[in-house]
Colleague: 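There's a structure below that I have some questions on.
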Amino acid sequence: QVRLMESGGGSVQAGGSLRISCTASGDTYGNIWITWFRQAPGKERQGVAGMWTGNGDSAVADPLKGRFAISRDDSKSTVYLQMDRLKPEDTAMYYCASRAGARWNDLFKTTTYENWGQGTQVTVSS
C-alpha cells in the first residue's frame, strides 16, 4: 500500500507562486498514478494534475494549464505541484492521491484512487 504525505502549503498573495509536494512511501512508487486534487469549502473535489510515475507522462486540468505544472523527483519518491500566478479562487485544501495501473481513463475521477494523503492548505489572498 502506498502512503502519501503532502507538504508545502501556506498563504500567499494573489499573483504569487507556491510549490507543494507529495511524498510517497510504502510498497510502490514506480508505475502508479499520483494525482493532485483540490477542494474548496462547499465545493466538490476537483482534479488538478496527474503524473504516471512509470515514465513521467502527465496532464494538467485544462483551466489550470499555463499556471500549474506537475513534476517529480524519483530519488525522493516525490511529485510536485508548481502553482504560479495564483488567484484567490485557487484557495483550497490540496490532496494527492494514487492509483495503480497505466490507464489514462478517468484521470480526475476521485473514486478511481486507492490512497489519499491528508491534504495541505493553500490560501491565496487578494
Side-chain angles (χ1 to χ4, degrees):
Q1 182 178 355
V2 178
R3 292 179 293 275
L4 304 171
M5 179 169 291
E6 303 93 338
S7 61
S11 297
V12 63
Q13 288 193 329
S17 297
L18 203 61
R19 189 180 77 164
I20 56 179
S21 305
C22 174
T23 300
S25 61
D27 295 342
T28 306
Y29 166 76
N31 297 318
I32 58 173
W33 280 101
I34 293 183
T35 298
W36 286 99
F37 293 83
R38 67 183 185 182
Q39 187 167 21
K43 295 189 176 181
E44 290 189 353
R45 195 167 294 190
Q46 62 176 184
V48 175
M51 176 171 280
W52 171 246
T53 61
N55 62 6
D57 282 352
S58 64
V60 177
D62 286 344
L64 302 174
K65 287 179 180 177
R67 295 197 301 121
F68 286 26
I70 189 169
S71 63
R72 64 179 178 166
D73 184 339
D74 292 342
S75 69
K76 298 179 180 179
S77 299
T78 297
V79 171
Y80 302 100
L81 182 68
Q82 177 69 41
M83 302 178 288
D84 298 323
R85 300 191 300 282
L86 283 160
K87 305 175 181 180
E89 51 264 43
D90 294 319
T91 295
M93 185 71 81
Y94 284 70
Y95 300 90
C96 62
S98 72
R99 70 183 190 188
R103 65 196 185 283
W104 279 87
N105 297 26
D106 299 324
L107 179 62
F108 295 141
K109 188 173 182 179
T110 58
T111 54
T112 66
Y113 286 82
E114 298 138 1
N115 303 294
W116 290 83
Q118 294 298 307
T120 187
Q121 178 68 38
V122 172
T123 302
V124 184
S125 57
S126 57

Colleague: Looking only at heavy atoms, which two atoms of D84 and S17 are closest? And how far apart?
Modeller: OD1-OG, 2.8 Å
Colleague: Mind checking whether N31 and W52 have side chains closer than 4.5 Å, heavy atoms only?
Modeller: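 SC-SC contact between N31 and W52 confirmed.
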Colleague: Any chance you could measure Q13, atom CD, to S126, atom OG, to the nearest 0.5 Å?
Modeller: 9.0 Å
Colleague: I'd like to know if W116 and M5 are part of one continuous hydrophobic network [Ile/Leu/Val/Met/Phe/Trp/Tyr, side-chain heavy atoms within less than 4.5 Å].
Modeller: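 Hydrophobic grouping puts M5 apart from W116.
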Colleague: So, do W33 and T112 sit near enough that their side-chain heavy atoms are less than 4.5 Å apart?
Modeller: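 Side chain of W33 against side chain of T112, heavy atoms only: no contact under 4.5 Å found.
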Colleague: Nearest 0.5 angstrom please: S77 OG to L4 CG, how far?
Modeller: 11.0 Å
Colleague: Using modelled atom types and a 3.5 Å cut-off, is there a donor and acceptor pairing between side-chain atoms of R19 and backbone atoms of Y80?
Modeller: no
Colleague: If every non-hydrogen atom of P88 is compared with every non-hydrogen atom of A14, which pair is closest and at what distance?
Modeller: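 Smallest interatomic distance, heavy atoms only, reads CD-CB, 4.1 Å.
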Colleague: Indicate if V79 and L64 have the same hydrophobic cluster label, given that clusters are the connected sets of ILVMFWY residues with side-chain heavy-atom separations under 4.5 angstrom.
Modeller: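 Linked within one cluster.
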Colleague: Would you call the rings of Y113 and F37 parallel, tilted or perpendicular, where under 30° means parallel and over 60° means perpendicular?
Modeller: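 Plane angle over 60°, so perpendicular.
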Colleague: Output yes when D62 and K65 qualify as a salt bridge under the 4.0 Å nitrogen-oxygen rule, no when they do not.
Modeller: yes
Colleague: Could you tell me which non-hydrogen atom of R99 sits nearest to which non-hydrogen atom of R103, and how far apart they are?
Modeller: NH2-O, 3.0 Å
Colleague: Once you round to the nearest 0.5 Å, how far does CH2 of W104 lie from CG of D57?
Modeller: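 CG of D57 is found 5.0 Å from CH2 of W104.
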Colleague: Spell out, as yes or no, whether a donor-acceptor pair under 3.5 Å connects the side chain of T91 to the backbone of V124.
Modeller: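 It does hold such a pair.
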Colleague: Report the distance from atom OG1 of T53 to atom CZ of R72, rounding to the nearest 0.5 Å.
Modeller: 7.0 Å
Colleague: Think R38 forms a cation-pi with Y94, using NZ or CZ under 6.0 Å from the six-ring centre and within 45 degrees of its axis?
Modeller: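 No, cation not above the ring by the 6.0 Å, 45° rule.
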Colleague: For the CG atom of L107 and the OG1 atom of T35, what is their distance to the nearest 0.5 Å?
Modeller: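 Taking CG in L107 and OG1 in T35, the distance rounds to 4.5 Å.
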Colleague: Using atom types as modelled and distance alone, determine if a side-chain donor or acceptor of Q82 lies under 3.5 Å from a backbone N or O of S71.
Modeller: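 Side chain of Q82 to backbone of S71: no pair is present.
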Colleague: For residues A69 and V60, report the shortest heavy-atom separation together with the two atoms involved.
Modeller: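 Here A69 and V60 meet closest at CA-CG2, 4.5 Å.
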Colleague: Donor-acceptor check, side chain of E6 to backbone of C96, threshold 3.5 angstrom: yes or no?
Modeller: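 Indeed, once roles are kept as given, a pair shorter than 3.5 Å links the two residues.
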Colleague: Minimum heavy-atom separation for S58 to I70, with atom names?
Modeller: CB-CG2, 3.6 Å
Colleague: How close do A24 and V2 get, heavy atom to heavy atom, and via which atoms?
Modeller: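 The answer is CB-CG1, 3.9 Å.
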Colleague: How many angstroms lie between CG in D90 and CZ in F68, if you round to the nearest 0.5 Å?
Modeller: 4.0 Å
Colleague: Check the side chains of T78 and D73 for a donor-acceptor pair under 3.5 angstrom, ignoring hydrogens and angles.
Modeller: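 No pair is found: no donor N or O on one side chain lies under 3.5 Å from an acceptor on the other.
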